[in-house]
Undergrad: 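Can you keep this structure in mind? I'll have questions shortly.
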Amino acid sequence: MIRRGGGVRSGAAPALLEKNMSLATRGRTKLPPEQPSIPQRSGGTGAYWLYLLPGFVLLLVIVIVPLIWNVYLTFTKWKGVRTPEFIGLGNWQKILTDGDFWTSFTNSVWMIIAMVVVPTIVGLIVAALLFDVVGRKFGGKVGSFLRATYYLPQILPIAVAGIVIGWIVRPGGDGALNQILGWFGIPAYDWLGQMPSALIVLMVVMVWVQLGYPVVVFMAALQRVDPELYEAAELDGANWFQRFSAITMSIIRPEIFVVTLTCTIAALKVFGPVYIITRGGPAGATLVPAYYAYQEFFTKRNVGYGATIATVLTIVVVIVSIIFIRVQNSVERKERAGL
């Protein structure tokens with residue numbers, strides 16, 4: 001309804017506006033439907049599952065079936081031949097009172113310090129120095145060379161590294177370390193035959209081997225940092241530690257979680273260095289769960305009890321992984337919420 005003065009009633013305005021919008025919409029060209037990023041086949045997605053089938057078969061054969069068999073063996077007494085003898089919860093009851101088992105997990109705490117805490121902290125500082133100081137003053141090639149130098153122990157076979165370390169700390173006057181100490185009048189020492197020197201030597205080796213991994217990961221993460229942030233902070237009078245704590249730590253926090261989680265799992269499962277260097281000695285002082293399970297499996301041929309130790313270790317690794325992932329998700333949610 002139109003008034004004489006040319007105005008429009010307030011009640012008719014919405015209807016008239018809606019009519020004009022519909023007429024304008026009819027005149028527009030209809031946009032083409034959005035095309036999927038992956039071409040779709042008329043036969044459905046059944047063909048794609050064929051490409052996943054080899055991976056599922058490998059997962060079933062290599063992981064799931066051995067895991068189920070290992071769990072079954074925890075309820076048996078078996079020497080590796082003939083038929084396993086079912087004993088119920090006997091192995092699980094034994095593990096609760098096994099002093100060597102609890103010693104091995106106590107030593108895992110020292111392995112976590114040597115493979116997670118020290119390499120992560122030192123690697124973070126080294127990566128920040130190589131990126132923010134060395135890279136800016138001497139160029140990226142020098143920083144890349146030093147990064148490769150730190151990563152070199154990671155690519156060395158653990159057997160080779162163990163032989164070299166064993167030659168260095170060999171007891172008596174034949175060891176390189178004892179020969180150096182002899183120049184200063186210090187008598188020879190049996191580094192791997194006594195405590196706490198055996199555990200200290202093993203931890204030093206693990207720090208040396210593990211340090212290159214966080215350095216490489218953190219330096220790759222630092223490539224995301226805008227150099228202007230460092231320049232602006234430097235102009236505001238911030239020193240290196242202030243730039244490191246305020247800029248570097250906040251930006252590469254996801255990589256810190258990844259390094260911490262993967263190194264913790266590696267520390268809980270460590271086997272090679274213990275087997276090559278100390279064999280769990282002296283008197284079980286450097287025994288770890290993986291090597292203890294190996295002893296029960298192959299040395300004592302107590303397969304059922306070795307499977308129980310391996311199952312407990314698997315459960316611990318799964319629990320630790322879940323805790324890390326939940327903590328990381330909680331931190332990310334708080335960051336998105338601006339808390």
Side-chain angles (χ1 to χ4, degrees), residues 37 59 63 105-136 143-144 146-147 150-151 153-154 203 206-270 288-290 312-339:
S37 57
L59 178 66
V63 178
F105 266 95
T106 302
N107 291 333
S108 292
V109 176
W110 295 108
M111 294 298 102
I112 290 175
I113 294 175
M115 298 180 64
V116 183
V117 179
V118 176
T120 301
I121 295 175
V122 176
L124 187 59
I125 296 174
V126 169
L129 288 173
L130 292 178
F131 181 82
D132 188 26
V133 179
V134 176
R136 293 172 60 183
S144 299
L146 294 176
R147 177 179 58 186
Y150 281 110
Y151 193 72
Q154 281 277 319
M203 291 178 65
M206 297 313 304
V207 171
W208 172 67
V209 171
Q210 197 70 17
L211 181 60
Y213 170 65
V215 169
V216 170
V217 174
F218 293 150
M219 286 196 69
L222 287 171
Q223 302 297 325
R224 304 198 320 264
V225 181
D226 189 354
E228 295 181 357
L229 294 176
Y230 288 122
E231 295 175 0
E234 191 173 0
L235 291 175
D236 290 337
N239 55 32
W240 180 87
F241 181 77
Q242 291 173 332
R243 298 196 304 270
F244 170 78
S245 58
I247 300 175
T248 305
M249 290 287 292
S250 61
I251 292 179
I252 68 172
R253 186 178 291 115
E255 284 77 10
I256 295 176
F257 274 108
V258 171
V259 168
T260 306
L261 174 59
T262 54
C263 290
T264 301
I265 294 175
L268 292 172
K269 301 190 305 179
V270 64
V288 293
V312 172
L313 180 59
T314 303
I315 294 173
V316 172
V317 170
V318 171
I319 292 175
V320 169
S321 301
I322 293 174
I323 293 174
F324 267 92
I325 293 173
R326 288 196 172 187
V327 170
Q328 182 180 5
N329 292 337
S330 176
V331 172
E332 291 178 353
R333 284 195 299 268
K334 290 181 179 180
E335 287 184 349
R336 288 194 295 267
L339 300 178

Undergrad: Using every non-hydrogen atom in the two residues, find where A127 and V215 come nearest and quote the distance to one decimal.
TA: CB-O, 3.9 Å
Undergrad: Rounded to the nearest 0.5 Å, how far apart are CG of L222 and CD1 of I247?
TA: 11.0 Å
Undergrad: Say you draw a straight line from CG of L313 to CG of L268; how long is it, rounded to the nearest 0.5 Å?
TA: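 Output value for this atom pair is 6.5 Å.
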Undergrad: Where is the tightest heavy-atom contact between L261 and V320, given as atom of each residue plus distance?
TA: CD1-O, 4.4 Å
Undergrad: Could you state the interatomic distance from CD1 (I112) to CE (M203), rounded to the nearest 0.5 Å?
TA: 11.0 Å
Undergrad: Sequence neighbours left out, what pairs pass salt bridge (Lys or Arg N to Asp or Glu O under 4.0 Å) with at least one residue falling in residues 207-225?
TA: R224-E255
Undergrad: Taking only residues at least two apart or on different chains, which pairs with a member in residues 107-118 satisfy side-chain hydrogen bond (donor to acceptor under 3.5 Å, both in side chains)?
TA: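 Sorted result for residues 107-118: empty, none.
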Undergrad: Please report the closest heavy-atom contact between A238 and R243, naming both atoms and the distance.
TA: O-NH1, 3.2 Å
Undergrad: Provide the full list of salt bridge (Lys or Arg N to Asp or Glu O under 4.0 Å) pairs with a residue in residues 313-324, sequence neighbours left out, each pair given once.
TA: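 As it turns out, there is no salt bridge (Lys or Arg N to Asp or Glu O under 4.0 Å) pair with a partner in residues 313-324 once direct neighbours are skipped.
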Undergrad: Could I get the full list of side-chain contact (heavy atoms from CB on, under 4.5 Å) partners for V207, not counting sequence neighbours?
TA: A114, V118
Undergrad: For the CD atom of Q223 and the CD1 atom of I251, what is their distance to the nearest 0.5 Å?
TA: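 The CD1 atom of I251 is 12.0 Å from CD of Q223, to the nearest 0.5 Å.
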Undergrad: Can you name the side-chain contact (heavy atoms from CB on, under 4.5 Å) partners of S250, sequence neighbours left out?
TA: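 Result, side-chain contact (heavy atoms from CB on, under 4.5 Å) vs S250: R253.
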Undergrad: Can you see which heavy atom on T120 is nearest to which on F218, and at what distance?
TA: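 Minimum heavy-atom contact is O-CE1, 3.7 Å.
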Undergrad: To the nearest 0.5 Å, how far apart are CD1 in I325 and CD in Q328?
TA: 7.5 Å
Undergrad: Suppose we screen for side-chain contact (heavy atoms from CB on, under 4.5 Å). Which residues come up paired with L146, at least two apart in sequence or across chains?
TA: L130, V134, V142
Undergrad: Scan residues 228-238 for pairs that pass salt bridge (Lys or Arg N to Asp or Glu O under 4.0 Å), counting only residues two or more places apart or in two chains.
TA: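 Qualifying pairs, neighbours excluded: R136-E234.
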Undergrad: Atom CG in L211, atom CD1 in I121: separation rounded to 0.5 Å?
TA: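 That separation rounds to 12.0 Å.
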Undergrad: For S144, which residues count as a side-chain contact (heavy atoms from CB on, under 4.5 Å) partner, sequence neighbours excluded?
TA: R147
Undergrad: Sort and list the pairs that fulfil side-chain hydrogen bond (donor to acceptor under 3.5 Å, both in side chains) and have at least one residue in residues 206-218, not counting sequence neighbours.
TA: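 Residue pairs passing side-chain hydrogen bond (donor to acceptor under 3.5 Å, both in side chains), neighbours aside: Y213-T262.
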Undergrad: Residues two or more places apart in sequence or in another chain: which of them pass ring pair (Phe, Tyr, Trp, His ring centres under 6.0 Å) with F257?
TA: none
Undergrad: Taking C-beta and beyond as the side chain, do F131 and T248 meet within less than 4.5 Å on heavy atoms?
TA: no
